[in-house]
Amino acid sequence: TKYNLWTSDIFEIIGIMRYMMPNSEIKIIKKMSDPEKLRYFQDYWSSRDPDPETEKNELLIELTNRIMYVNSNFSNLDRGWRSDRGRIYIIYGRPEFIEEHEDKNNNMYQIWNYPSGQKFIFIDTA
């Protein structure tokens, strides 16, 4: 396989791939050895390369960019990819627009709006 993944940390790879793969497939993968898991995910991304004629996998680059963004912007107590905002950003990408509000208890919250009409609400409780 010609693609490197965003990390060699198999725990992180499986954690992020859970967002994209059925649980039944993740269960099978978890029984593999670490080198088999890595090879499996490299093949997974290789088979999804939107333009195999180029040296790069544009889809994997987009995912990698999203992971880097969430890990640098949503890592309060844990890795950004494990946060609610991180998960939504990895799956759906950058929201079309974000509304910021404050509720009656002075908790800040955001509404992420996507072109599809989907909305996600994130509440920061003190």
Problem set entry | Sequence neighbours excluded - salt bridge (charged side-chain N to carboxylate O under 4.0 Å, His left out) pairs with any residue from residues 57-73 | Glu62-Arg66
For this session: Could you tell me the separation between the CD1 atom of Ile13 and the CZ atom of Phe41, rounded to the nearest 0.5 Å?
Result: 7.0 Å
Problem set entry | Pairwise distance CD1(Ile14) to CE(Met32) - rounded to 0.5 angstrom | 9.5 Å
Exercise. Is it the case that one hydrophobic cluster holds both Phe11 and Met68, taking links as side-chain heavy atoms less than 4.5 Å apart, direct or via other members?
Worked result: no
Problem set entry | Distance in Å, Asp51 CG paired with Asp49 CG, rounded so as to fall on 0.5 Å steps | 6.5 Å
Exercise. CG/Leu63 to OH/Tyr19 distance, rounded to the nearest 0.5 angstrom?
Worked result: 11.0 Å
Seminar exercise, completed: Applying side-chain hydrogen bond (donor to acceptor under 3.5 Å, both in side chains) to Ser33 and not counting sequence neighbours gives Glu36
Exercise. Do the non-hydrogen side-chain atoms of Met17 and Tyr40 ever get within less than 4.5 Å of each other?
Worked result: no
List, one per line, each side-chain donor-acceptor pair under 3.5 Å for residues 89-100, sequence neighbours excluded.
from: Glu99; atom 1: OE1; to: His101; atom 2: NE2; distance (Å): 3.0
from: Glu99; atom 1: OE2; to: Asn113; atom 2: ND2; distance (Å): 3.1
from: Glu100; atom 1: OE2; to: Gln110; atom 2: NE2; distance (Å): 3.1

Exercise. So, Thr64 side chain and Leu60 main chain: donor-acceptor pair closer than 3.5 Å or not?
Worked result: yes
Seminar exercise, completed: Ser116 meets the side chain to side chain contact (heavy atoms under 4.5 Å, CB included) criterion, sequence neighbours left out, with Tyr114, Gln118
For this session: Please say which of Ile16, Ile28, Ile29 ends up in a side-chain contact (heavy atoms from CB on, under 4.5 Å) with Met21.
Result: Ile29
Exercise. Any chain of hydrophobic side-chain contacts (each under 4.5 Å) joining Leu38 to Met20?
Worked result: yes
Exercise. What's the spacing between Asn107 CG and Ile123 CD1 if we round to 0.5 Å?
Worked result: 7.5 Å
For this session: Keeping to residues at least two apart or across chains, list the salt bridge (charged side-chain N to carboxylate O under 4.0 Å, His left out) pairs with something in residues 4-33.
Result: Glu12-Arg79
For this session: Please check if the side chain of Ser75 supplies one atom and the backbone of Ser72 the other of a donor-acceptor pair under 3.5 Å.
Result: no
Exercise. For the atom pair NZ (Lys37) and CD1 (Ile26), what is the distance rounded to the nearest 0.5 Å?
Worked result: 10.0 Å
Problem set entry | Set of residues satisfying ring pair (Phe, Tyr, Trp, His ring centres under 6.0 Å) with respect to Trp112, sequence neighbours excluded | Phe74, Phe122
Problem set entry | Pairs satisfying salt bridge (charged side-chain N to carboxylate O under 4.0 Å, His left out), at least one member in residues 101-116, at least two apart | none
Problem set entry | Counterpart residues, side chain to side chain contact (heavy atoms under 4.5 Å, CB included), relative to Leu59 (two or more places apart) | Trp45, Arg48, Pro50, Asn57
